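Single-structure report; data block below.
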Amino acid sequence: MCGIVGYIGDRQAAPIILEGLTKLEYRGYDSAGIAVRNGDSDIEIVKAKGRLKVLYDKTNSGQSVVGCCGIGHTRWATHGEPSEENAHPHYSNDCCVVAVHNGIIENYQELKEKLIKNGYVFYSGTDTEVAVKLIDYYYKKYFGNPIDAINRSMVRIRGSYALAVMFKDYPDEIYVARKDSPMIVGIENNESYFASDVPAILKYTRKVYYIGNLEIGRLQKGKVTFYNIDGYEIEKEMTEITWDAEAAEKAGYEHFMIKEIHEQPKAVSDTLNSVITDGKIKDNAFGLTADEIKNISQIWIVACGSAYHVGVAAQYIFEDLVRIPVRVELASEFRYRNPIIDKDALVIIISQSGETADSLAALRESKRMGIKTLAIVNVVGSSIAREADIVCYTLAGPEIAVATTKAYSAQLAMSYVIAILFAYVRGEIDEKQYTSLINDLLTLPDKISRLLEDKERIQWFASKFSNAKDIFFIGRGIDYAISLEGSLKMKEISYIHSEAYAAGELKHGTISLIEEGILVIGVLTQQELYEKTLSNMVEVKSRGAYLMGLTNNGNYNIEDVADFVAYIPKIDKHFTTSLAIIPLQLMAYYVSVARGLDVDKPRNLAKSVTVE
Ligand code: AGP
């Protein structure tokens, strides 16, 4: 996810663009850049690695870059490390075409090969540079018409994009094109704006046009003309924005956390699509040869917090599918326990930030021991990403809320794909099982979306327990892993004490804590364990507990035991964590809101724990 902004009018563009980018830093902030021109002058491009402040300093707050027409970008790296070369804007070799982009060009490799065959050279590792040079290719090959060149490129590109393009031959014009990534166009008096999101231009205009998929906009001073992919002019409705600036940054959601909970379908879909194409896992998706995969003798999964809970779920999935021993360790324990690790083991480090001190130390300890390491990370170019032997990036985009949701879900998705690949390569599953698992996996985004539609019911139930003193989560197998994450979410943002317990373990002591009215949430997605956990729920009910059940559609007899039930759509048992966690995230969120707490920035917590 990145942020793009642009302006044409009678004022200096750079300061307006920079200010707009500051409103979009929540969309990405590892590098930034602007391209500005004055009339038919050359296009001046200035880029900087690091936070937007670096670009501000480099351009004297935009004063040193002269011109009334420009585009700008703040980056969240997905292809190519954070660097000045990889920062946007990107440009054709003669600067005839200059552009900024938010999105993912899925087929950029094949397009790059085509362009190299046609004499193009590349200076960056980004998919965006490929898109820019593809537009340049068609612009030079056919008539030198921006709309035609962009249309031809849109037909060839697979993926998502919000593109803004300046053509050297067309001063005082900016062309924008969109597919799936957000973009708006604003008009006020003799000025035109575009942006990824409303906050960037709300200061200047509330009159916006939402450009549709596969549509193009031609921005001139105070005027925009829209075209469809066939190049025909189309009419669009103008919308009046009623949000205030802060609400706009959250796209109308009250908190970043609830916004990010709703971004999970896309985070999971983007992550899966980064390693699966046409129903198959991409060759060499994880940088391990078939022989290397076959040679793995054991797997260690090491992480902290929610990432650790991904590991606990992954342990069950890997052992069931891949049939090799899997150890899950807290990074803070692993780094000091002098672990006994088989020389042919694979250590998997999971981390959203890629900067968690304990997880980084565990990675370094594993490498010191000569063990191969694979990292599942959300932040491109982070320390763990750079130091692991192999890195698998989740594509959740920047996660602002301290309590992780979409990154956790993206990590789960990546773990499933690795497990399926390993199981298939090692001959533990056949072609039919492989296909069935992949097909079921690809239904996750839609099923998550459907669960989010049920949020009002969860909100009603959560409001009944906003004054709870204790909340227990119980489950067996993968359901225990789900319970761990559900409990952490609740603790983190509601400050209510909570414990997750293996349901079969309750009777060995903890059940003494169960008394009248205590909420116990039973997680029952593993059908073969359903009756066992149900009987544990009956045990705590007989001691006065108030019961919530979380189970698969069809298990309606649970309503004879539980006081409230949330159901998840049917899916392969290995993937239920991704669905069951949705009601639990919502539960924690609504309890926190009911308690009037700072959901996005809970007390005592940091988004990334970069100290021991
Ligand atoms: C989860 O909601 C917490 N914010 C925390 O447990 C987090 O998962 C943990 O600190 C690990 O962070 P990482 O994924 O960036 O390494």
Side-chain angles (χ1 to χ4, degrees), residues 30 76 255-261 263-264 267 271 301-314 328-335 347-364 373-388 391-415 473 481-496 498 500 577 581-582 584-589 591-592 597-612:
D30 60 46
W76 177 267
H255 300 99
F256 277 113
M257 183 176 176
I258 192 69
K259 175 171 175 275
E260 288 158 5
I261 285 174
E263 287 175 342
Q264 289 182 113
T271 300
I301 303 174
V302 185
C304 301
S306 293
Y308 169 77
H309 297 155
V310 169
V312 177
V328 191
E329 280 288 351
L330 290 167
S332 53
E333 290 296 304
F334 177 90
R335 64 185 294 191
V347 170
I348 299 178
I349 305 286
I350 304 176
S351 176
Q352 187 284 129
S353 62
E355 300 298 345
T356 299
D358 288 324
S359 305
L360 180 55
L363 170 66
R364 289 172 176 165
T373 56
L374 180 152
I376 299 175
V377 181
N378 195 44
V379 179
V380 174
S382 56
S383 302
I384 291 173
R386 275 182 286 108
E387 296 186 27
V391 61
C392 307
Y393 284 120
T394 50
L395 295 178
E399 190 174 62
I400 308 301
V402 166
T404 183
T405 50
K406 62 175 184 173
Y408 165 87
S409 292
Q411 289 162 2
L412 278 171
M414 189 59 85
S415 305
F473 294 74
I482 298 167
S483 298
L484 285 167
E485 179 59 12
S487 175
L488 178 61
K489 287 280 107 29
M490 185 63 77
K491 280 183 278 194
E492 272 192 285
I493 63 175
S494 75
Y495 312 156
I496 293 174
S498 169
T577 307
I581 199 59
I582 302 300
L584 300 184
Q585 291 169 344
L586 291 170
M587 179 87 178
Y589 172 76
V591 168
S592 180
L597 299 174
D598 185 346
V599 176
D600 288 332
K601 297 188 183 67
R603 68 186 181 197
N604 312 336
L605 295 179
K607 183 59 188 169
S608 175
V609 183
T610 56
V611 294
E612 270 212 57

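Just so you know, residue 1 is the first one in the sequence shown, and it goes up from there. Atoms within a ligand are numbered from 1 in the order they appear, just like the ligands themselves. Owing to the predicted nature of the structure, the values given are computational and were not obtained by experimental measurement.
- At a threshold of 4.5 Å between non-hydrogen side-chain atoms, the residues H255 and Y589 count as touching.
- For the residue pair Q352 and A407, the shortest heavy atom distance occurs at CG-CB, 3.2 Å.
- For the 3.5 Å distance criterion, the side chains of S306 and K489 qualify, holding a donor opposite an acceptor.
- Taking a cut-off of under 4.0 Å to the non-hydrogen atoms of K489, the atoms of ligand 1 that pass are 1 (C), 2 (O).
- In this structure, a donor-acceptor pair under 3.5 Å is present between the side chains of Q585 and Q264.
- With respect to the salt-bridge test (charged N to carboxylate O, under 4.0 angstrom), the residues E260 and K406 do not qualify.
- Near Q352, meaning under 4.0 Å from any of its heavy atoms, are these atoms of ligand 1: 13 (P), 14 (O), 15 (O), 16 (O).
- Under 4.0 angstrom from ligand 1, the non-hydrogen atoms of E492 all belong to its side chain.
- Summarising the contacts of atom 8 (O) of ligand 1 with A303, S306, S382, the nearest heavy atom is found in S306.
- Judged purely by distance below 3.5 Å, without hydrogens or angles, the side chains of E355 and S382 never pair a donor atom with an acceptor atom.
- The CD1 atom of I349 sits 9.0 Å away from the SG atom of C304 when rounded to the nearest 0.5 Å.
- Considering backbone and side-chain atoms alike, V402 places an N or O below 3.5 Å from some N or O of ligand 1.
- By the 4.0 Å N-to-carboxylate-O rule, D358 lies close enough to R335 to be salt-bridged with it.
- The protein heavy atom nearest to atom 6 (O) of ligand 1 is G305 CA, 3.2 Å.
- Contact between E355 and ligand 1 is absent, with no heavy atom of the residue lying under 4.0 Å from the ligand.
- Taking 4.0 Å as the cut-off, S608 does not count as a neighbour of ligand 1 on heavy-atom distance.
- Protein heavy atom nearest atom 15 (O) of ligand 1, with residue, atom name and distance: S353 OG, 2.7 Å.
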Apply the test side-chain contact (heavy atoms from CB on, under 4.5 Å) to residues I301 and V347: give CA-CA distance (whole Å), side-chain angles for both, the deciding distance (0.1 Å), then the verdict. CA-CA 6 Å; I301 303 174; V347 170; over 6 Å; no
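- Residue contacts with ligand 1: S359 is placed with no nitrogen or oxygen under 3.5 Å of a nitrogen or oxygen of the ligand (distance criterion only).
- Listed by number with element, the atoms of ligand 1 under 4.0 angstrom from any heavy atom of A403 are 2 (O).
- In terms of N/O distances under 3.5 Å, ligand 1 is approached by T356.
- Looking only at heavy atoms of the protein, atom 11 (C) of ligand 1 is closest to C304 O, 3.5 Å.
- Shortest contact from atom 10 (O) of ligand 1 to any protein heavy atom: V609 CG2, 4.1 Å.
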